[in-house]
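Order of listing sets the numbers, starting from 1, for every ligand and every atom in it. Residue numbers start at 1 and run along the sequence shown.
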Amino acid sequence: MSHPIRRIAISTGGGDAPGLNAVIRSVVFAAEKRGWECFGIREGFNGILRPDRYPVDGITRLTMAQVDHIGHLGGTILGTTNHGNPLKFATTMPDGSVTETDRSGEIHAALKAMDINALVCIGGDGTLTIANVLHQQGMRVVGIPKTIDNDLDKTFTTFGFDTAVAFATECTDRLHSTASSHQRIMVVEVMGRYAGWIALHTGISANAHAILIPEIPYDIEKLTAHLIARDRAGHHYSIVIVAEGANPLGGERVLHEKAGAGYVERLGGIGENLAQELQRKTGKEARAVVLGHLLRGGSPSAFDRVSAMRFGAAAVRALNEGHSGIMVALAYPDVNYVALEEVAGRMKSVPLNGDIVQTARDLNICLGD
Ligand code: F6P
């Protein structure tokens with residue numbers, strides 16, 4: 001691990017988030033400044049593990065000139081995947097069954113063959129868990145926290161979250177007038193997996209009347225009573241924000257698809273179910289809007305761009321200082337380093353006694369409990 005860095009690789013993994021390109025730009029600039037060459041691995045680690053898809057340029061050279069103009073763009077120029085975990089790679093067996101295989105050895109071999117001796121992994125919990133294992137196997141690795149869900153531990157926030165909440169707020173703002181004109185209940189389903197950060201921040205920011213998050217299983221009777229009380233008090237419309245991972249008291253989460261070999265379960269569908277149930281129970285018309293992947297698109301906000309660029313530069317500084325097995329994290333007013341093993345496999349839920357939940361309650365927002 002002690003020989004000097006000459007070449008580094010960048011990988012973007014998991015669901016895309018606004019700010020990934022800003023990180024790539026920042027890493028490349030900071031690396032070239034130190035005389036290092038940068039490479040990007042295509043589509044998570046598929047640039048190495050899927051030669052059928054990337055016969056020639058699975059690991060591609062990245063220069064300052066190439067990335068100079070990408071900082072404001074959504075998505076990732078490298079591509080990404082949430083089906084390409086090299087530790088549990090979906091492999092079809094001769095009998096047609098699909099099993100999970102550990103192919104991490106091929107990553108070490110491919111990078112070594114190109115004389116690349118450090119890796120920057122940009123991703124959420126899944127990617128950072130992979131990064132931690134690659135580090136434990138002897139690779140020099142620094143992680144960068146990314147996810148619109150904001151559910152990564154040990155960092156104040158992840159880039160992508162601010163942009164997602166800003167857009168969800170704008171969408172919800174627009175629903176107030178139509179909900180009010182029709183005296184309807186509008187249910188807005190937002191992403192966030194098993195954490196309620198996006199729902200809670202959007203709901204507070206966009207003046208919602210109820211917010212349902214995974215951390216607080218909701219009582220449909222209490223939610224119904226809140227909406228009926230609003231109606232009786234002369235407020236004839238309501239906005240309900242529901243996190244895709246929310247679930248009723250004693251009930252199940254709604255899934256689009258169960259987990260299988262090489263992929264995790266897909267949440268979604270609760271918005272429509274809830275709208276139908278609220279219509280039945282309140283006697284008011286209810287409609288559902290699913291914001292879904294719209295929250296992952298578009299240009300990163302200024303906050304997310306700055307966080308992303310700070311993370312990218314800090315990752316290069318960390319490598320230069322000899323660190324490995326760490327994630328750069330936002331710890332106001334600074335960026336600091338935390339051990340990947342303190343982050344991997346740990347989820348940051350909304351704290352129920354924190355001020356953000358208390359704020360929602362003080363604003364008379366029903367949280368379903
Ligand atoms: O983790 C980011 C995220 O957008 C989650 O909020 C959501 O559950 C998931 O990814 C959706 O993934 P996919 O792109 O596979 O539908």
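Note: the hydrophobic cluster containing Tyr194 does not contain Trp197 (ILVMFWY, side chain heavy atoms under 4.5 Å, direct or indirect links).
Heavy-atom proximity to Asn82, at under 4.0 Å, picks out these atoms of ligand 1: 12 (O), 13 (P), 14 (O), 15 (O). In summary, the atoms of ligand 1 found under 4.0 Å from a heavy atom of Gly192, numbered by their order in the structure, are 6 (O). Heavy-atom proximity to His293, at under 4.0 Å, picks out these atoms of ligand 1: 13 (P), 14 (O), 16 (O). Under a 4.0 Å criterion applied to the non-hydrogen atoms of Glu244, ligand 1 contributes the atoms 5 (C), 6 (O), 7 (C), 8 (O).
Ligand 1 lies out of reach of Leu267, whose nearest heavy atom is not under 4.0 Å from it. A heavy-atom separation below 4.0 Å is not found between Gly124 and ligand 1.
Checking Ile48, Leu49, Thr60, Ile116 one by one against Ile41, the side chain to side chain contact (heavy atoms under 4.5 Å, CB included) holds for a single residue, Ile48.
For an aromatic pair to be called close, the ring centres must be under 6.0 Å apart, and His323 with Tyr337 satisfies this.
With respect to the salt-bridge test (charged N to carboxylate O, under 4.0 angstrom), the residues Glu285 and Arg287 qualify. Here Arg193 does not pair with Asp151 in a salt bridge; the nearest charged N to carboxylate O distance is not below 4.0 Å.
Of the protein's non-hydrogen atoms, the one nearest atom 6 (O) of ligand 1 is Asp149 OD1, 2.7 Å.
When the heavy-atom distances from atom 10 (O) of ligand 1 to His256, Met191, Arg296, Arg193 are ranked, the shortest goes to Arg296.
Between Met139 and Ile107, the shortest heavy-atom distance links the atoms CE-CG2, 4.3 Å.
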